[in-house]
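Beneath this line is the structure, given in C-alpha cells, with notes to follow.
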Amino acid sequence: MRLTAAQIDTIKSTATAVLGEGAQVTLFGSRVNDAAKGGDVDLYVETAQPELMKKIRCKVSLQDQLDMPVDLIVKPYGDRSPIALIAKQEGIRL
C-alpha cells in the first residue's frame, strides 16, 4: 500500500468527522499496488446515509490535506453495485 500511516490516519479521521461515525473506508486502485507509481487516491466509503454535500466536503478536505487527487465513492452499507464489489474484493480496508 502506497500511503503513509499519517495519510491513513488523515483519511480515516476525515471520513469519520465528515461522513459520520461508522464510516467504513476501503482503499482500492493503484495506491494498493506497491509496484505502481503516482496515481490518485481511490476511496470507497460505506455509511448509513450517503449525502452529496457531505461527500463533496469530504473529498475537498481530503484533497487539501493529502495534497493529491482523491476519487471518493460513497454508498450505503451493503451496496452491491459493480464498483462496490471491485473495491471490496481488490481493496484494503483502512
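One is the number of the first residue; the rest follow in order along the sequence. Just so you know, these numbers come straight off a predicted model, no measurement behind them.
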Distance-minimising heavy-atom pair for [X] and [Y]:
X: Ile83; Y: Phe28; value: CD1-CE1, 4.0 Å
X: Ala15; Y: Ala23; value: O-CB, 4.1 Å
X: Thr47; Y: Leu19; value: OG1-O, 3.2 Å
X: Gly22; Y: Tyr77; value: O-OH, 2.5 Å

task: Decide yes or no on side-chain contact (heavy atoms from CB on, under 4.5 Å) for Ile11 and Val41, but give the supporting numbers first.
output: CA-CA 10 Å; Ile11 291 167; Val41 178; 4.3 Å; yes

Could you measure the distance from the [atom1] atom of [X] to the [atom2] atom of [Y]? Nearest 0.5 Å is fine.
X: Asp42; Y: Asp71; atom1: CG; atom2: CG; value: 5.0 Å
X: Leu94; Y: Ile92; atom1: CG; atom2: CD1; value: 7.5 Å
X: Asp9; Y: Thr14; atom1: CG; atom2: OG1; value: 10.0 Å

message: Treating Glu90 as the side-chain partner and Ala87 as the backbone partner, does any N or O pair qualify as donor plus acceptor under 3.5 Å?
response: no

Could I get the full list of side-chain hydrogen bond (donor to acceptor under 3.5 Å, both in side chains) partners for [X], not counting sequence neighbours?
X: Lys12; answer: none
X: Glu46; answer: Tyr44, Lys88
X: Asp40; answer: none

- prompt: Applying salt bridge (charged side-chain N to carboxylate O under 4.0 Å, His left out), which residue pairs with at least one partner in residues 73-83 are found, sequence neighbours left out?
  reply: none

Taking only distance into account, with no hydrogens and no angle test, what donor-acceptor pairs under 3.5 Å do side-chain atoms of residues 51-62 form with protein atoms, sequence neighbours excluded?
residue : atom : partner : partner atom : Å
Lys55   : NZ   : Leu72   : O            : 3.2
Lys59   : NZ   : Val70   : O            : 2.4
Ser61   : OG   : Gln65   : NE2          : 2.8

message: Counting only heavy atoms not in Asp67 (residues, nucleotides, ligands), do more than 12 fall under 6.0 Å from its CG?
response: no

field: Joint cluster assignment, Val45 & Ile86, ILVMFWY side-chain distance < 4.5 Å
entry: no

- prompt: Would a hydrophobic clustering, with Ile, Leu, Val, Met, Phe, Trp and Tyr connected at side-chain separations under 4.5 Å, put Ile73 with Val32?
  reply: no

- request: May I have all residue pairs that pass side chain to side chain donor-acceptor pair (under 3.5 Å) and include part of residues 21-33, sequence neighbours excluded?
  value: none

